[in-house]
Participant: 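Dropping the structure in here first, questions after.
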Amino acid sequence: MPKAQTLIEALPWLTRHHGRTVVIKFGGNAMIDEELKSAFAQDVVFLRHAGLRPVVVHGGGPQISAALDRHGIPSEFKAGLRVTSEDAMDVVRMVLAGQVQRELVGLLNRHGPLAVGLTGEDAHTITAVRHRPEIDGRPVDIGRVGEITRIDTGAIEALLADGRIPVVSSIARSQDDGHVYNVNADTAAAALAAALGAETLMVLTDVEGLYEDWPDSDEVISRLTASQLEKLLPELSSGMVPKMEGCLFAVRNGVRTARVIDGRVQHSILLEIFTDEGIGTMVVPDGSDQGDAV
Ligand SMILES: Nc1ncnc2c1ncn2[C@@H]1O[C@H](COP(=O)(O)OP(=O)(O)O)[C@@H](O)[C@H]1O
Ligand SMILES: CC(=O)N[C@@H](CCC(=O)OP(=O)(O)O)C(=O)O
């Protein structure tokens with residue numbers, strides 16, 4: 001009976017989400033463990049077979065830092081973003097597109113001919129300009145880091161229409177100078193979710209969700225509206241900033257729910273979707289009533 005109960009709890013969700021697009025961001029920290037990675041692949045394939053259209057956007061921060069270290073290039077972050085020299089950009093591209101993305105594609109394809117990998121460079125999927133974040137009121141140069149200016153969903157839509165699972169690395173092409181840019185993977189996932197008109201953005205990370213009073217408390221905020229999140233943003237730090245900014249952007253641009261969930265929990269995607277309780281933090285647009293946004 002518990003097994004049947006779990007499946008039955010999923011039925012309204014499945015009915016409502018049938019044929020809908022779900023963008024799932026898989027962070028570098030949850031990718032360190034082999035069992036977690038294969039459970040993640042199982043969950044994504046499950047969603048696909050349950051009639052949804054999952055799109056995976058992956059990070060790889062720790063893997064990039066390790067590779068840079070092997071090349072003798074130090075890792076430095078400003079405003080939560082990696083300072084990316086020309087040499088570092090070659091390593092970022094090699095690690096994301098050549099290593100992390102290939103591994104995820106391989107894990108998904110154990111279950112059938114499903115996953116196809118691409119980067120934002122392919123078919124103009126993600127176009128960016130050089131990003132100059134402001135620190136203490138002044139724009140700073142952090143090298144080849146991109147600010148997204150345009151998304152072309154054509155290639156991803158074609159793959160989805162063909163029943164495939166697109167796996168996207170967060171690298172963008174530049175419109176004018178023939179270079180590529182390093183883009184934070186949370187930001188890329190949010191931009192893609194909005195452009196695809198996704199139903200849900202799910203961001204897997206290495207904490208339970210958004211903590212109310214981090215680092216002093218581990219009380220997770222289970223649900224908040226776009227306006228509530230906007231007020232909280234200035235208080236957030238480090239890796240949570242691009243995640244929550246991405247969630248806000250997504251729900252303000254047509255995505256119905258954006259969720260931050262604990263990627264350290266095996267099958268966290270299925271737990272989030274297929275049980276009534278849900279886990280982690282859910283962001284909804286202003287004015288959504290509780291029942292509508294589950
Ligand atoms: N309010 C908060 N709630 C939860 N985590 C927070 C908060 N503020 C900052 N963090 C930090 O953000 C980190 C998650 O971001 P990040 O390390 O970039 O993850 P990922 O590799 O999954 O993208 C957490 O491990 C935590 O250290
Ligand atoms: C500009 C920038 O900071 N890019 C990130 C891209 C990878 C990423 O975002 O990975 P996680 O999701 O694992 O953090 C980086 O170089 O680390």
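Counting convention: from 1, in listed order, for ligands and their atoms alike. Everything numeric in this text was worked out from a predicted model, so none of it was measured.
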Participant: So does Glu199 pair up with Arg53, basic N to acidic O under 4.0 Å?
Facilitator: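 Arg53 and Glu199: not salt-bridged.
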Participant: Closer than 4.0 Å to some heavy atom of Val183 - which atoms of ligand 2 meet that?
Facilitator: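 Listed by number with element, the hits are 4 (N), 6 (C).
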Participant: Taking 4.0 angstrom as the limit and counting only heavy atoms of Thr205, give me the atoms of ligand 1 inside it, by number and element.
Facilitator: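 Heavy-atom distances to Thr205 below 4.0 Å select 14 (C), 19 (O), 20 (P), 22 (O).
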Participant: Does Met31 have a heavy atom less than 4.0 Å from any atom of ligand 2?
Facilitator: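 The answer is no, since Met31 has no heavy atom less than 4.0 Å from ligand 2.
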Participant: Tell me, which protein residue and heavy-atom name are nearest atom 6 (C) of ligand 1, and how many Å apart are they?
Facilitator: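 Looking only at protein heavy atoms, the one closest to atom 6 (C) of ligand 1 is Met240 CG, 3.1 Å.
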Participant: How far is atom 12 (O) of ligand 2 from its nearest protein heavy atom, and which residue and atom is that?
Facilitator: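 Here the nearest protein heavy atom works out to Lys25 NZ, 2.5 Å.
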Participant: Counting heavy atoms only, which part of Val207 comes closer than 4.0 Å to ligand 1: side chain, backbone, both or neither?
Facilitator: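 For Val207, only side-chain atoms sit under 4.0 Å from ligand 1.
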Participant: Quick one: pull up CG in Leu107 and CZ in Arg110 and give me the separation to the nearest 0.5 Å.
Facilitator: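 If we round to the nearest 0.5 Å, Leu107:CG and Arg110:CZ are 5.0 Å apart.
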Participant: Which ligand 1 atoms are under 4.0 Å away from a heavy-atom of Gly209?
Facilitator: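 That gives atoms 3 (N), 4 (C) of ligand 1.
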Participant: Please state which part of Lys25 comes within less than 4.0 Å of ligand 1, counting heavy atoms only: side chain, backbone, both or neither.
Facilitator: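 Side chain only.
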Participant: Would you kindly say whether Ser65 and Arg82 are connected by a side-chain donor-acceptor distance under 3.5 Å?
Facilitator: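 The answer is yes; a qualifying pair exists.
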Participant: Identify, by atom number and element, the atoms of ligand 1 in contact range of Lys243, meaning under 4.0 Å from any of its heavy atoms.
Facilitator: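 Those atoms are 14 (C), 15 (O), 18 (O), 19 (O), 20 (P), 22 (O), 23 (O).
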Participant: Heavy-atom contacts with Leu236 under 4.0 Å: which atoms of ligand 1 show up? List them by number with element.
Facilitator: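 That gives atoms 1 (N) of ligand 1.
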Participant: Working to the nearest 0.5 angstrom, can you tell me the gap between Leu210 CG and Ile221 CD1?
Facilitator: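 The CD1 atom of Ile221 is 4.0 Å from CG of Leu210, to the nearest 0.5 Å.
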Participant: By number and element, which atoms of ligand 1 are closer than 4.0 Å to a non-hydrogen atom of Leu210?
Facilitator: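 It comes down to these atoms of ligand 1: 1 (N), 2 (C), 3 (N).
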Participant: For Thr149 and Thr127, does a side-chain donor sit closer than 3.5 Å to a side-chain acceptor?
Facilitator: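 Thr127 and Thr149 do not have a side-chain donor-acceptor pair below 3.5 Å.
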Participant: Return the closest protein heavy atom for atom 16 (O) of ligand 2 as residue, atom name and distance.
Facilitator: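 Ranking protein heavy atoms by distance from atom 16 (O) of ligand 2, first comes Arg82 NE, 2.7 Å.
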Participant: Relative to atom 24 (C) of ligand 1, which among Asp206, Asp186, Val203 owns the nearest non-hydrogen atom?
Facilitator: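 Minimum heavy-atom distance to atom 24 (C) of ligand 1 goes to Asp206.
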Participant: For ligand 2, is Asn182 a contact, meaning one of its heavy atoms is under 4.0 Å away?
Facilitator: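 Yes; Asn182 lies near enough to ligand 2 that a heavy-atom distance drops under 4.0 Å.
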Participant: Give me the atom names and distance for the closest heavy-atom approach of Asp186 to Lys243.
Facilitator: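 Answer, listing the atom of Asp186 first, then Lys243: OD2-NZ, 3.0 Å.
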